[in-house]
Amino acid sequence: MIDKVMHRWRTWLVVLAVAIIGIYYLTGRSSTESAVPPALAHPSVPVAAVPAKLGDLNQYITAIGTVTAYNTVTVKSRVDGELIKVNFTEGQIVKAGDLLAEIDPRPYQVELTQAEGTLAKDEATLENAKILLARDKELYQQKIIARQDLDNQQALVGQYAGSIESDKGVVDNAKLQLTYSRITAPITGRVGLRLVDAGNIIHATDATGLAVITQLQPIAVDFSIPEDDLPSLETAMKANPQLPVAAYDRDLKHKLADGALLTTDNQIDQSTGTIKLKAAFPNLDNSLFPNQFVNARLLVNTIPNAILIPAAGLQRSQQGSFVYVVKPDNTVEMRPVTVGATQGDVVAITKGLAAGDVVVTDGVDKLQQGSHVSVQTAAIPPGSAAP
């Protein structure tokens with residue numbers, strides 16, 4: 001009997017202990033959960049955001065172009081002879097008229113002396129013929145000589161006069177050949193590599209010249225744009241015939257030079273559907289080099305006082321374009337917007353945003369209306385499309 005009573009008491013004690021432990025566990029867990037901060041119960045989504053900025057959006061037409069020289073001249077000799085002196089160095093900037101090289105002038109000096117001697121001889125002969133003509137006229141008036149003799153002497157005077165004119169031409173030609181023995185720069189530009197060394201015999205008929213001179217200032221950039229951009233280009237050219245053009249490197253990151261649109265071609269290339277354009281650059285610092293590939297950016301329009309945001313912040317759905325705007329309580333709002341224009345990584349918003357509104361640019365894939373966010377990084381505020 002006593003054993004049964006003790007067994008019941010043990011059973012009740014075990015049940016009571018289990019109940020106390022269960023109540024304590026439930027009470028402690030409940031209090032622990034109630035102590036969790038709301039921020040941990042609903043963790044914030046890390047995002048990057050920037051404020052919308054008020055500024056001008058420049059609209060460009062960008063195309064790959066090639067730098068071309070206005071003038072390129074291969075310097076050649078006009079006469080044959082030994083090249084006795086080279087007066088330029090490779091890569092030198094020369095001006096039009098500068099002496100570049102000299103050919104042995106002695107053969108042409110001899111020819112000039114001979115031509116001048118022949119001229120002097122014929123001039124003396126002419127003077128003698130004129131004296132004889134004057135005497136024959138007197139004799140003819142005295143009826144001492146026949147008319148035929150007078151006419152013959154008159155013809156000799158004319159013949160000698162013609163010889164003198166021919167001699168003068170020979171003298172001028174000899175002087176010209178002597179002048180050609182001094183080779184001068186026909187244009188202002190940069191001299192390339194020397195193609196002939198002093199001491200060589202050169203000829204006017206040689207296929208290669210002494211060097212090549214390329215004009216660097218000013219210089220041009222040729223590029224082509226799609227024919228679909230032609231209407232906007234024509235509209236811009238009516239307002240400003242010399243539209244600004246900037247030349248950038250291959251990566252379109254570093255500006256090399258600023259210039260202006262010079263002209264357009266007179267027809268569209270049917271094989272490519274493009275039209276060629278030419279821009280002029282002063283190139284005072286020689287930043288552009290002939291045959292260099294560049295990116296030409298032609299400014300065709302500027303939208304003033306636009307609300308600008310990075311293109312990464314613009315989202316699209318079936319209902320249209322929208323952005324996530326960070327509110328003061330660190331929640332986001334899906335706000336529909338109207339896009340005015342896009343240039344590169346910058347978007348102009350015409351409706352739905354105001355300057356200073358903070359727009360999410362990264363981490364939007366985890367957001368929805370009312371999501372809590374924490375702005376961890378800030379992207380560079382958007383500016384004009386022009387770098």
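One-based numbering along the sequence shown.
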| note | In terms of heavy-atom contacts, I303 and A341 come closest through CD1-CB, 3.6 Å
| So do the side chains of V47 and V375 get within less than 4.5 Å of each other, counting heavy atoms only? | yes
| message | Counting only heavy atoms not in D345 (residues, nucleotides, ligands), do more than 12 fall under 6.0 Å from its CG? | response | no
| field | Set of residues satisfying side chain to side chain contact (heavy atoms under 4.5 Å, CB included) with respect to P107, sequence neighbours excluded | value | D104
| remark: Here the pair of heavy atoms bringing L57 nearest to A348 is CD2-CB, 3.6 Å
| Any chance CD of E90 has more than 12 other-residue heavy atoms, nucleotides or ligands included, within less than 6.0 Å? | yes
Let me check something: any side-chain donor-acceptor pairs from residues 115-125 under 3.5 Å, sequence neighbours excluded? List them with distances.
unit_1 : atom_1 : unit_2 : atom_2 : d
T118   : OG1    : Q114   : O      : 3.1
T125   : OG1    : K121   : O      : 3.0

| Looking at residues at least two apart in the chain, or sitting in another chain, which of them share a side chain to side chain contact (heavy atoms under 4.5 Å, CB included) with L139? | R135, D136, Q142, I144, I145
| query | What residues form a salt bridge (Lys or Arg N to Asp or Glu O under 4.0 Å) with D229, not counting sequence neighbours? | reply | none
| field | Donor-acceptor pair, side chain of Q315 and main chain of A312, under 3.5 angstrom | value | yes
| query | Does the pair R190 and Q92 meet the rule for a side-chain contact (heavy atoms from CB on, under 4.5 Å), with working shown? | reply | CA-CA 6 Å; R190 180 174 180 176; Q92 177 184 350; over 6 Å; no
| said: Is it true that, when you exclude E333 itself, more than 12 heavy atoms of the residues, nucleotides or ligands shown sit nearer than 6.0 Å to its CD? | reply: yes
| field | Spacing of CG belonging to N200 relative to CG belonging to L195, to within rounding of 0.5 Å | value | 11.5 Å
| said: For F322, give me all partners under ring-ring contact (aromatic ring centres under 6.0 Å, His included), at least two apart in sequence or on another chain. | reply: Y324
| A63 versus F223, closest heavy-atom pair with distance | CB-CD1, 4.0 Å
| message | I'd like to know whether D197 forms a side-chain contact (heavy atoms from CB on, under 4.5 Å) with V86, so could you lay out the CA-CA distance, the side-chain angles of the two residues, the decisive distance to 0.1 Å, and finally the verdict. | response | CA-CA 8 Å; D197 298 325; V86 176; over 6 Å; no
Could you tabulate the donor-acceptor pairs under 3.5 Å formed by side-chain atoms of residues 258-287, not counting sequence neighbours?
unit_1 : atom_1 : unit_2 : atom_2 : d
D258   : OD1    : K255   : NZ     : 3.4
D269   : OD1    : S271   : N      : 3.0
D269   : OD1    : S271   : OG     : 2.6
D269   : OD2    : S271   : OG     : 3.4
T272   : OG1    : T274   : OG1    : 2.7
N283   : OD1    : S287   : N      : 3.0
N283   : OD1    : L288   : N      : 2.9
N283   : ND2    : L216   : O      : 3.0
N283   : ND2    : L288   : O      : 3.1
D285   : OD1    : S287   : N      : 3.3
D285   : OD1    : S287   : OG     : 3.1
N286   : OD1    : Q217   : NE2    : 3.2
S287   : OG     : L256   : O      : 3.0

| request: Answer yes or no: is there a donor N or O on one side and an acceptor on the other, between the side chain of Q215 and the main chain of A69, under 3.5 Å? | output: no
| task | List the atom of A101, the atom of L210, and the distance in Å for their closest heavy-atom pair. | result | CB-CD2, 3.5 Å
| For T74, what residues pass the side chain to side chain contact (heavy atoms under 4.5 Å, CB included) criterion, not counting sequence neighbours? | K76, V212
| query | Is any side-chain heavy atom of L100 closer than 4.5 Å to a side-chain heavy atom of V94? | reply | yes
| query | S371 side chain to V332 main-chain N or O, any donor-acceptor pair under 3.5 Å? | reply | no
| task | For E227, enumerate each residue passing the salt bridge (Lys or Arg N to Asp or Glu O under 4.0 Å) test, keeping only those at least two apart in sequence or located in another chain. | result | none
| task | Determine whether V157 and L126 make a side-chain contact, defined as any pair of heavy atoms from C-beta on separated by less than 4.5 Å. | result | yes
| query | Could you state the interatomic distance from CD1 (I61) to CG (L233), rounded to the nearest 0.5 Å? | reply | 5.5 Å
| task | Measure from the side-chain N and O atoms of T188 to the backbone N and O of A96, and report whether any donor-acceptor pair falls under 3.5 Å. | result | yes
| field | Distance in Å, I202 CD1 paired with L83 CG, rounded so as to fall on 0.5 Å steps | value | 5.0 Å
| remark: The salt bridge (Lys or Arg N to Asp or Glu O under 4.0 Å) partners of K327 (sequence neighbours excluded) come to none
| Below 4.5 Å, heavy atoms only, C-beta onward: do V110 and T113 meet side chain to side chain? | no
| remark: Which of D172, L112, V79 passes side-chain contact (heavy atoms from CB on, under 4.5 Å) with Q177? It is V79
| Testing L353, V359, V325, D357 for side-chain contact (heavy atoms from CB on, under 4.5 Å) with V337, which one passes? | L353
| request: Give, for atom CZ of R78 and atom CG of L176, the distance between the pair rounded to the nearest 0.5 Å. | output: 7.5 Å
| said: Do Y108 and V170 land in one hydrophobic cluster if side-chain heavy atoms of ILVMFWY residues count as linked below 4.5 Å? | reply: no
| Residue pairs passing the side chain to side chain donor-acceptor pair (under 3.5 Å) test where at least one lies in residues 151-171, sequence neighbours excluded | R147-D151, Q148-N152
| task | Determine whether V67 and Y248 fall in the same hydrophobic cluster, where Ile, Leu, Val, Met, Phe, Trp and Tyr are linked whenever their side-chain heavy atoms lie under 4.5 Å apart. | result | no
| request: Indicate yes or no: at least one non-hydrogen side-chain atom of I64 is less than 4.5 angstrom from one of N295. | output: yes
| V323 side chain reached by L314 side chain, heavy atoms, under 4.5 Å | yes
| Which residues share a side-chain hydrogen bond (donor to acceptor under 3.5 Å, both in side chains) with T179, sequence neighbours left out | none
| query | Are L133 and L150 close enough, and set up right, to give a side-chain contact (heavy atoms from CB on, under 4.5 Å), and what steps lead you there? | reply | CA-CA 7 Å; L133 177 61; L150 177 63; 3.8 Å; yes
| Point-to-point distance, once rounded to the nearest 0.5 Å, from CD1 of I103 to CD1 of I84 | 9.0 Å
| task | Could you grab the distance from atom OG1 of T72 to atom CD1 of I187, nearest 0.5 Å is fine? | result | 6.5 Å
| note | Heavy-atom nearest pair, G340 first then T350, reads CA-CG2, 3.5 Å
| field | Side chain to side chain, N330 and S44, heavy atoms closer than 4.5 Å | value | no
| field | salt bridge (Lys or Arg N to Asp or Glu O under 4.0 Å) against D365, all qualifying residues, sequence neighbours excluded | value | none
| query | What's the verdict on side-chain contact (heavy atoms from CB on, under 4.5 Å) for V191 and I213, showing C-alpha distance, side-chain angles and the deciding distance? | reply | CA-CA 5 Å; V191 181; I213 301 178; 4.2 Å; yes
| query | Among V346, L299, V300, which one satisfies side-chain contact (heavy atoms from CB on, under 4.5 Å) with N58? | reply | L299
| said: Could you report the tightest heavy-atom contact between P186 and V73, atom names first, then the distance? | reply: CG-CG1, 3.5 Å
| query | Do P290 and I219 come within less than 4.5 Å of each other through their side chains, counting heavy atoms only? | reply | yes
